[in-house]
Amino acid sequence: MGMDKFTRAANIDGKEYAAELLERIRADVETLKATTGAVPGLAVVLVGDDPASAIYVASKQRQTVAAGMKSFEYRLAAETSQDELLELVHRLNEDPEVYGILVQLPLPVHLDPNAVIQAINPDKDVDGFHVSNAGRLATGNPALVPCTPLGCMMLIKATLGENLSGLHAVIVGKSNIVGKPMAQMLMNAHCTITVVHSQTRNAAELCRAADILVVAAGRAGLVRGDWIKPGAVVIDVGINRIQDGEKSRIVGDVAYGEAGHARAITPVPGGVGPMTIACLLSNTLTAFRRHHAMVATA
Ligand code: NAD
């Protein structure tokens with residue numbers, strides 16, 4: 001894997017990969033509809049009128065329908081009480097047409113996101129945030145796993161192949177939604193794991209040891225060229241809006257222009273981002289398959 005300074009890192013095209021994944025999901029949905037006589041359905045709950053969340057939810061709904069699934073959308077007023085929201089979650093838990101439930105975060109401040117997430121039936125928890133799903137992943141028996149690290153894992157395997165055994169993976173960030181589950185997925189794939197976070201003393205040196213470097217810190221340009229080993233695969237999860245003269249633009253956590261000696265790198269935008277919604281639908285399909293397998297063996 002000898003790389004000299006004239007080598008250009010391959011671009012990992014998340015947009016293209018997400019489109020392929022959605023096409024595979026659509027084909028699988030068609031087959032499963034015929035064999036089970038049922039249709040996978042995803043319920044998305046949006047509380048309040050945060051404009052970014054509204055755009056995101058609309059895009060989820062469009063792609064759910066395009067994949068041949070049923071989409072159930074619940075838009076609740078910003079003043080919705082905790083009890084009302086929990087009541088809706090309980091109703092969706094019982095609804096046989098709903099295989100996946102997603103409550104869009106962040107919630108208005110008077111609502112407790114943790115209580116809401118833990119009220120979701122873990123078998124319908126397509127965000128993979130329920131403690132049962134976190135526990136299943138941590139014990140090497142994953143069921144529904146968080147969408148963003150799932151998408152990263154798919155991009156890593158698309159680049160390096162299925163066998164990651166023995167590779168050294170360094171993850172920057174230890175959040176419950178990205179860093180921590182990412183580390184567990186890579187550990188389950190028999191990588192050696194290092195987790196770097198805001199209190200780590202020798203972050204650059206540790207990152208330089210990585211065969212696989214996943215960065216999810218939310219700090220524009222944190223990872224410089226000399227943090228990257230020649231030939232490493234770099235997955236940049238960061239989404240940072242920076243001011244560029246009059247305009248603003250989105251950049252990742254990696255100084256992309258300095259990463260030419262990597263084997264491959266995800267661009268921002270167009271890398272990890274497009275995979276997240278595709279993985280939400282992939283999880284809905286997983287929930288549907290698990291349900292029907294359970295019913296079949298019950
Ligand atoms: P978070 O704020 O919950 O966690 C950030 C983590 O980075 C923390 O564990 C912190 O210790 C670590 N960190 C912060 N500064 C650091 C530094 N200087 N050096 C080393 N580590 C540092 O964030 P999150 O929810 O995990 O998201 C991380 C980034 O990924 C954000 O930019 C977010 O917007 C982005 N994101 C993207 C997607 C996607 O679909 N592409 C999904 C989720 C999050």
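Just follow the structure's listing: the first ligand is 1, and inside any ligand the first atom is 1. What you see below is based on every heavy atom in this structure, not just the backbone, and it leaves out hydrogens, waters and symmetry mates.
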Participant: Examine the proximity of ligand 1 to Arg219 and report which part, side chain or backbone, both or neither, has a heavy atom under 4.0 Å away.
Facilitator: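 Looking at Arg219 and ligand 1, just side chain atoms fall under 4.0 Å.
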Participant: Side chain, backbone, both or neither: which applies to Val172 and ligand 1 if a contact is any heavy-atom pair less than 4.0 Å apart?
Facilitator: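 For Val172, the contact with ligand 1 is made by the side chain alone.
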Participant: Find out if a path of hydrophobic residues (ILVMFWY) with successive side-chain heavy-atom gaps under 4.5 Å connects Val145 to Ile193.
Facilitator: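 They do share one cluster, since a chain of ILVMFWY contacts under 4.5 Å joins Val145 to Ile193.
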Participant: For atom 31 (C) of ligand 1, state which one of Pro149, Gly218, Gly252 supplies the nearest heavy atom.
Facilitator: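 Heavy atom nearest to atom 31 (C) of ligand 1 belongs to Gly218.
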Participant: Tell me the nearest of Ile277, Thr276, Asp236 to atom 40 (O) of ligand 1, using heavy-atom distances.
Facilitator: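 Considering heavy atoms of Ile277, Thr276, Asp236, the nearest to atom 40 (O) of ligand 1 sits in Thr276.
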Participant: With no hydrogens and no angle check, do the side chains of Asn114 and Gln118 hold a donor and an acceptor under 3.5 Å apart?
Facilitator: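 On atom types as modelled, these side chains qualify, holding a pair under 3.5 Å.
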Participant: How close does the nearest protein non-hydrogen atom get to atom 44 (C) of ligand 1, and which residue and atom is it?
Facilitator: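 Scanning the protein heavy atoms, the shortest distance from atom 44 (C) of ligand 1 goes to Val178 CG2, 4.0 Å.
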Participant: Looking only at protein heavy atoms, which one is nearest to atom 11 (O) of ligand 1, and how far off is it?
Facilitator: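 That would be Ser198 N, 3.0 Å.
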Participant: Using a strict cut-off of less than 4.0 Å between a Lys/Arg side-chain nitrogen and an Asp/Glu carboxylate oxygen, indicate whether Arg75 and Asp49 qualify as a salt bridge.
Facilitator: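 No, Arg75 and Asp49 are not salt-bridged.
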Participant: Which atom names give the shortest non-hydrogen contact between Phe72 and Gly41, and what distance separates them?
Facilitator: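 Looks like CE1-CA, 4.0 Å.
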Participant: Is the closest heavy atom of Gly179 to ligand 1 under 4.0 Å?
Facilitator: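 No heavy atom of Gly179 comes that close to ligand 1.
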Participant: Would you name the heavy atoms of Ser282 and Ile25 that are closest together and state the gap between them?
Facilitator: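 Closest approach of Ser282 to Ile25, heavy atoms only: N-CD1, 3.6 Å.
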Participant: Of all the non-hydrogen atoms in the protein, which one sits nearest to atom 7 (O) of ligand 1, and at what distance?
Facilitator: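 Scanning the protein heavy atoms, the shortest distance from atom 7 (O) of ligand 1 goes to Ala217 CA, 3.3 Å.
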Participant: SG/Cys147 to CG/Asn283 distance, rounded to the nearest 0.5 angstrom?
Facilitator: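 Going from the SG atom of Cys147 to the CG atom of Asn283 covers 4.5 Å.
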Participant: Counting from 1, what ligand 1 atoms have a heavy atom of Gly173 closer than 4.0 Å?
Facilitator: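 Answer for ligand 1: 6 (C), 7 (O), 9 (O), 12 (C).
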Participant: Determine the minimum heavy-atom distance between Ser175 and Val178, stating which atoms define it.
Facilitator: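 Between these two residues, the closest heavy atoms are OG-N, 3.1 Å.
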Participant: Just to confirm my output: which protein heavy-atom neighbour is closest to atom 8 (C) of ligand 1, and how far is it?
Facilitator: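 Closest protein heavy atom to atom 8 (C) of ligand 1: Lys174 N, 4.0 Å.
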Participant: Closest non-hydrogen protein atom to atom 42 (C) of ligand 1, residue and atom name please, with distance?
Facilitator: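 Protein heavy atom with the smallest distance to atom 42 (C) of ligand 1: Thr148 OG1, 3.2 Å.
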Participant: Got a sec: does the CZ of Arg24 have more than 12 other heavy atoms crowding it under 6.0 Å?
Facilitator: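 Atom CZ in Arg24 is crowded, with more than 12 foreign heavy atoms closer than 6.0 Å.
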Participant: Do any nitrogen or oxygen atoms of Asp253 come within less than 3.5 Å of a nitrogen or oxygen of ligand 1?
Facilitator: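 No, since none of the N or O atoms of Asp253 sits under 3.5 Å from an N or O of ligand 1.
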Participant: If the cut-off is 4.0 Å to any non-hydrogen atom of His197, which atoms of ligand 1 fall inside it?
Facilitator: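 Counting atoms of ligand 1 from 1, those under 4.0 Å from His197 are 11 (O), 20 (C), 21 (N), 22 (C).
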Participant: Are Val234 and Leu167 connected in a single hydrophobic cluster, I mean Ile/Leu/Val/Met/Phe/Trp/Tyr linked by side-chain heavy atoms less than 4.5 Å apart?
Facilitator: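 As far as the 4.5 Å side-chain criterion goes, Val234 and Leu167 are not connected within one cluster.
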Participant: Among all protein heavy atoms, pick out the one at the shortest distance from atom 1 (P) of ligand 1; state its residue, atom name and that distance to 0.1 Å.
Facilitator: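 Looking at atom 1 (P) of ligand 1, the protein heavy atom closest to it is Ser175 CB, 4.1 Å.
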Participant: Please check if a non-hydrogen protein atom sits closer than 4.0 Å to atom 4 (O) of ligand 1.
Facilitator: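 It does; a protein heavy atom is within 4.0 Å.
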Participant: Thr36 side chain to Ala38 main-chain N or O, any donor-acceptor pair under 3.5 Å?
Facilitator: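 Present.
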Participant: Would you tell me whether Tyr256 and Asn11 have side-chain atoms, one donor and one acceptor, within less than 3.5 Å of each other?
Facilitator: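 On atom types as modelled, these side chains qualify, holding a pair under 3.5 Å.
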Participant: Examine Ile239 and Ile265 and state if one hydrophobic cluster contains both, with Ile, Leu, Val, Met, Phe, Trp and Tyr joined whenever side-chain heavy atoms are less than 4.5 Å apart.
Facilitator: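 No, Ile239 and Ile265 fall in different hydrophobic clusters.
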Participant: With heavy atoms of Ile177 as the reference, note each atom of ligand 1 found under 4.0 Å away.
Facilitator: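 Those qualifying, in numeric order: 25 (O).
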Participant: Side chain, backbone, both or neither: which applies to Val237 and ligand 1 if a contact is any heavy-atom pair less than 4.0 Å apart?
Facilitator: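 Both backbone and side chain.
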Participant: What residue and atom, counting heavy atoms only, is the protein's closest point to atom 19 (N) of ligand 1, and at what distance?
Facilitator: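 Closest protein heavy atom to atom 19 (N) of ligand 1: Leu222 CD2, 3.7 Å.
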Participant: Val272 heavy atoms, cut-off 4.0 Å: which ligand 1 atoms fall inside?
Facilitator: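 Listed by number with element: 41 (N).
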Participant: So, is Ile239 polar-close to ligand 1, with some N/O to N/O distance under 3.5 Å?
Facilitator: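 N/O-N/O distance under 3.5 Å: yes.
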Participant: Does at least one non-hydrogen atom of Ala216 fall below 4.0 angstrom from an atom of ligand 1?
Facilitator: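 Yes, Ala216 has a heavy atom closer than 4.0 Å to ligand 1.
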Participant: How long is the straight-line distance from CE of Met185 back to CE of Met182, given to the nearest 0.5 Å?
Facilitator: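 One gets 6.0 Å once the value is rounded to the nearest 0.5 Å.
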